[in-house]
> 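Mind looking over this structure? Questions follow.
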Amino acid sequence: MKFRLDRAHLLPHLLVLMAALFILFSLPRTALASMYDTVLSEELLHGPDLCAHAPCDEVMPGAEEFSKRKGMPTYVEAYANDNGKKRVIGYVFLSTDVVDIPAYSGKPVVTLIGMDTRGAITKVRILKHSEPILLAGIPESALVTFIRQYHGKQADAKLEIGQGRDGVTSLDGISGATVTAIAENQVISRSAYEVARQVGIIKAEPRPAARFTNINEKLDWAGLVKEGSVEHLLVEAKDAGGLDDGRPYIDLYYGYLNVPAIGRSILGDQGYENLMHDLKPNEHAIFIVANGQSSFKGSGFVRGGIYDRIQVRQDPASFTFRDTDYFNLYQLKAAGTPEFKESAIFILRSADFNPAWPWDLSFLANKVDAEKGTKTFAHFDHEYWLPARYLEGGRPHVERPEAAWKAIWKGRMLEIALFSLILVATALIYSQRDRLVRMSTRKSKPWISIPRTLLWIASVGFIGFYLKAQPSVTQVMTWFHSLIHQWKWELFLSDPFIFIFWWFMIGTVLLWGRGLFCGWICPFGSLQHLAFKAGQLLGLKRFQKLLPKALHDKLKWVKYVVFAVLVLVSFYSMETAEILAEIEPFKSTFLVGVWNRSWPFVVFVGVILAISILSERPYCKYVCPLGAGLAIPGKFRLFGLKRKSECQTCHACAAGCGSHAIDAKGNIDQKECLLCLDCMVMYYDDHACPPLVKERKHREKEGLPLTRIDAKGYFIPLESVRRNLAEKTAQMAANQE
C-alpha cells in the first residue's frame, strides 16, 4: 500500500517533467526556417553587389535593376526602364551599413529598407534577428506586422512607439517585446533619415561657420589630453580578434590642428604656419598617432587608393581619406608626448564638415565573433568635440538622439516607482521578520500571511501580467556571455523592471538567500502558491500532500541539472539554449500569454498549476533552473534562520515545512528554503515549540512567572530576572543615600 501511495505522489511530478520534455522535443521542429536561423553571407553584408544576395526587389516594387553599393554610408540605387533609359526610382539600403543599434539580444536586427525618391519608405524586410523572445515566444509574424507600419512613412517623420505627441507619429509596439520594437524603430527611422540626407532628399540645415578664439597658449601633452583637445581611442585585442600578447589592437590618439593653440602645441610655431599655408578654404587637418598590433593606415593601402581603416563621421556625413590626403608627421612638439610607432596628418576636404560640432573618428577592424569564430567588420568610434574655450560663443547646442533605454525609462516612470515601492516593501517587511513572528502563533499568523498574500497577488497581477517582469534563466546565460565576450549596460538597461528586479535579487540573495525572491515575490512562484491556497478554499486541503522526504531529497537536484545543462549548452549554442529554456513556463504565462501559444505550452502551464493545487510549489522545488541559479550564491548569504540545540532531535518544524528544507538533524537547507517563516513562528511560540511548551508547563505547574522569550528562543531564566531586579534595587538604594 505504501508503494502505491508513493507512486501516486510521484506521478504528478513526473507529468511535469514529461510535459517539459514534450515541449523540448517539439520546439526545434517549429523553430526551423525562421529569421533567427538565417545565415547572411559576407557578400550580402559587405560585398559590392548587395542586391545580388538580398531581396531588393521585395522592398522596391517596380525596380528592374540595381546599382552596386555606393556612398558612405552605403546604399544602392534602384532603376526602372523608361523607354530604354534607366531612371532612378528609389534607394535600397541595409540597416547595418548605416547604424549599429542593438536590440534586446545585444545584436542588431538586420533590416533591408526601400525608399523612393521622395523620401517615403516603400517596404521593409527583416533578414535576420537574434531576439530569443521571437524564437519560441512571440511569433515572428508579430515583427512582420510591426514593420508594415513603416510603409509610406517619410524618412524625416518623427516616429515613436506608443501614444503620439504633437508632431509625432505613433506606432503600435509588439506586446511582450517592447525593447525589440523601440530598437527596430530607431534602426529603420535613422537609416532612412541618413540615406535621405546623403542623396539630397532631406536638405542639411546650414551650420554657422566655426570661429576660433585668439588663445595662443601652448599646452603639454597631458594638458591637451585633459582638456579634450587630444582624444584617445583604445581597442583591446580581445575586442577585435587580435593576438593575446599584452598589446592593444590599436592605441590611438588624435586631434584637430586648425585651431591655433592646438596646432602650435602639437606642431610647433613653424610647423603650424607651414600647414596653414598649404591648406585651402574648407580644408581641415587631423593628426593621428598610434601604437598596437594593427595599423590605422591599413596593410592593404596602395597608391591611388583610400585609407580603409579610418573614417571621420559627422552626422549625417562620413569622410574617408585618399593617398593625396596624407601628410607625414615626423615629430610632435608637445612636451611629454609618448613614443608612437606610426603617425600621420590627414586632410579632410569638405565644406560639409564643421569643426564646431562634434564628430567621430571611426576605426574599422576585422572583428572575430567569439561565439561563432567568424570574421566581421566592426567600427570602433570615439567622439571629438573642440573644447568650448577655442570657439567664439562656446560650443553650439546639439540635440543628440536619445538612447532607446532612456526613452523606455522616461515613458514608464510611474510604473517603475510603483514596482520599486513593492520591492522595497517586500524587503522591509522581511527585515522585520523577528517582530512579525513574535506577534504570531502557529494557529494565528496574520502579520505574516496577509502581507505575503498581498505580495503574491501584486506579483502575479501587476508584476507578472501587467509589467511582464518575470526574471528568467535566459538572463543568467546572457550575463555569463556578456562577462566573457563584451559587457553592454544598454542591453540590461533596456528593460527597467528586469534590471531593477535583478539588483533586488542580487542584494536579497546575498543577505537572506534565494527564498525572499522565490517565496515572496516571484510572479510564477506566487501564482503556484495562490493555486495552492485556492485548493484549500475549494475544500481540497485533505488531498494536499508533500512527497516523502527521501524522494524529495533526490528530486530537488533535478533543477540544478537543468540549470547546468542550459548554461553549458549556451556556450555551444545560445540559440539551442534559448530553445531549451522553454522548460521555464514564465514566457507562456506572463510574457506572451497561453492564449497566444500552441497547445503543448498551454498543457505545460496547465499541468504545473493543476499539480500546484495539491502540492506546494512543485515547479519551484524540482524543475526551476532560475531557482537553482539563485540557490548557488545563496550559500554565501549573511543571515540565515535561527535554530536551537533541541532542533537536532525535535522534528516539529520539519513536519510542517512546505519546502521540505529541514533535515533529520534539524538543519535548514537555505538553498531550498522559501522563507515562509513557519518554523520561526514556532521558534518563539510557547504553545508549539516543544522545548518552550515543556518549560511553560513546568512554570505554570510550579506557579512561576512566564518571562519574555529571548532572541535564542528560550524563556529568560528566572535567576537572571531576580539578579537584575536585585541589582536595580541596590542601585536605587545607593542613589537614595
Side-chain angles (χ1 to χ4, degrees), residues 2 5-6 8-10 12-13 430 433-434 436-438 440-445 448-449 452 512-516 518-520 525 528-529 532-533 535-536 541-560 611-612 614-622 624 627-628 631 634-635 637 639-697 709 711-714:
K2 183 178 185 300
L5 182 62
D6 287 348
H9 283 306
L10 180 59
H13 300 278
Y430 184 76
R433 62 194 176 282
D434 206 63
L436 298 178
V437 297
R438 284 178 177 272
S440 307
T441 65
R442 182 174 61 87
K443 295 183 179 181
S444 178
K445 39 193 171 187
I448 298 171
S449 61
R452 286 189 76 195
W512 301 305
R514 75 161 176 129
L516 188 61
C518 295
W520 289 57
Q528 288 179 85
H529 216 115
F532 186 73
K533 293 294 184 182
Q536 294 176 344
K541 188 171 184 179
R542 64 182 182 277
F543 299 109
Q544 293 178 331
K545 305 290 184 181
L546 294 173
L547 285 179
K549 185 69 164 65
L551 182 58
H552 164 86
D553 288 341
K554 293 182 176 64
L555 291 180
K556 70 181 182 181
W557 296 106
V558 171
K559 60 181 175 290
Y560 296 98
I611 297 173
S612 298
L614 302 177
S615 181
E616 188 174 332
R617 295 178 181 253
Y619 183 82
C620 299
K621 289 188 284 193
Y622 304 122
C624 183
K635 287 177 62 67
R637 73 202 177 281
F639 305 104
L641 298 181
K642 297 178 179 179
R643 296 278 82 192
K644 303 174 185 177
S645 59
E646 290 87 350
C647 294
Q648 297 178 10
T649 56
C650 174
H651 300 142
C653 293
C657 180
S659 301
H660 261 330
I662 304 177
D663 63 19
K665 295 182 179 180
N667 299 315
I668 297 178
D669 185 351
Q670 298 287 349
K671 300 192 304 301
E672 302 300 315
C673 177
L674 298 181
L675 298 181
C676 67
L677 298 181
D678 285 355
C679 62
M680 293 307 300
V681 172
M682 292 187 67
Y683 186 86
Y684 293 109
D685 189 350
D686 60 8
H687 284 73
C689 179
L692 290 179
V693 171
K694 182 179 178 181
E695 176 67 12
R696 176 181 58 79
K697 289 182 176 179
I709 299 173
K712 295 181 179 180
Y714 298 101

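Remember, predicted model here, so these are calculated numbers, not experimental data.
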> Check whether any side-chain heavy atom of Cys679 sits under 4.5 Å from a side-chain heavy atom of Arg643, and report yes or no.
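Heavy-atom side-chain distance check passes, below 4.5 Å.
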> Do you know which two heavy atoms are closest between Ile709 and Tyr684, and how far apart they sit?
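It is CD1-O, 3.1 Å.
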> Any heavy-atom pair between the side chains of Cys650 and Pro690 that's under 4.5 Å?
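Pro690 reaches Cys650 side chain to side chain.
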> Testing Lys559, Lys556, Lys621 for side-chain hydrogen bond (donor to acceptor under 3.5 Å, both in side chains) with Glu672, which one passes?
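Among the candidates, only Lys559 passes.
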> What pair of heavy atoms forms the shortest contact from Lys545 to Arg542, and how long is it?
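The answer is CE-O, 3.4 Å.
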> Any chance you could measure Glu695, atom CD, to Asp686, atom CG, to the nearest 0.5 Å?
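One finds 10.5 Å between CD of Glu695 and CG of Asp686.
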> Can you list the steps and then say if Leu436 with Met680 is a side chain to side chain contact (heavy atoms under 4.5 Å, CB included)?
CA-CA 10 Å; Leu436 298 178; Met680 293 307 300; over 6 Å; no
> State the CD-SG distance between Gln528 and Cys518, to the nearest 0.5 angstrom.
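One finds 10.5 Å between CD of Gln528 and SG of Cys518.
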> Enter the distance from His651:NE2 to Cys653:SG here, rounded to the nearest 0.5 Å.
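Taking NE2 in His651 and SG in Cys653, the distance rounds to 10.5 Å.
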> Kindly indicate whether the side chain of Ser449, heavy atoms from C-beta on, has any atom under 4.5 Å from the side chain of Arg452.
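Of all side-chain heavy-atom pairs linking Arg452 with Ser449, none is under 4.5 Å.
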> Identify which one of Leu641, Leu675, Asp663 satisfies the side chain to side chain contact (heavy atoms under 4.5 Å, CB included) criterion when paired with Ile668.
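Exactly one option meets the side chain to side chain contact (heavy atoms under 4.5 Å, CB included) with Ile668, and it is Leu641.
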> Given side chains that start at C-beta, do those of Val437 and Lys642 come closer than 4.5 Å, heavy atoms only?
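They are not in side-chain contact.
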> Going by the rule ring pair (Phe, Tyr, Trp, His ring centres under 6.0 Å), which residues pair with His660 if we only count those two or more places apart in sequence or in a different chain?
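Listed in chain order: His552.
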> Show the nearest heavy-atom pair for residues Val693 and Ala688, with the distance to one decimal.
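Closest pair (atom of Val693, atom of Ala688, distance): CG2-N, 3.6 Å.
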> Under a 4.0 Å threshold between the charged nitrogen and the carboxylate oxygen, would Asp685 count as salt-bridged to Lys443?
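No, this pair does not count.
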> Could you state the interatomic distance from CZ (Arg514) to CZ (Arg637), rounded to the nearest 0.5 Å?
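Separation between the atoms: 12.5 Å.
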> Look at the side chain of Ser615 and the backbone N and O of Ile611, then say whether any donor-acceptor pair between them is shorter than 3.5 Å.
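Not confirmed, Ser615 side chain does not pair with Ile611 backbone.
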> Mind checking the OG1-CE spacing from Thr441 to Met682? Nearest 0.5 Å is all I need.
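Thr441 OG1 to Met682 CE: 11.0 Å, rounded to 0.5 Å.
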> Write down the atom of Gly713, the atom of Leu692, and the distance for their closest heavy-atom approach.
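Answer, listing the atom of Gly713 first, then Leu692: O-CD2, 3.2 Å.
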> Does NZ in Lys554 sit with more than 12 non-hydrogen atoms of other residues, nucleotides or ligands closer than 6.0 Å?
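Count not over threshold, so no.
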> Hey, does Leu555 have a side-chain heavy atom less than 4.5 Å from the side chain of Leu547?
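SC-SC contact between Leu547 and Leu555 confirmed.
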> Does a side chain donor of either His529 or Arg617 reach within less than 3.5 Å of an acceptor in the other side chain?
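Present: a donor and an acceptor within the cut-off.
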> Please round to the nearest 0.5 Å and tell me the distance separating atom CD of Gln544 and atom OG of Ser612.
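Gln544 CD to Ser612 OG: 10.5 Å, rounded to 0.5 Å.
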> Return the minimal non-hydrogen interatomic distance between Ala711 and Tyr683, and the atom names on each side.
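Shortest heavy-atom separation between Ala711 and Tyr683 comes out as O-OH, 3.4 Å.
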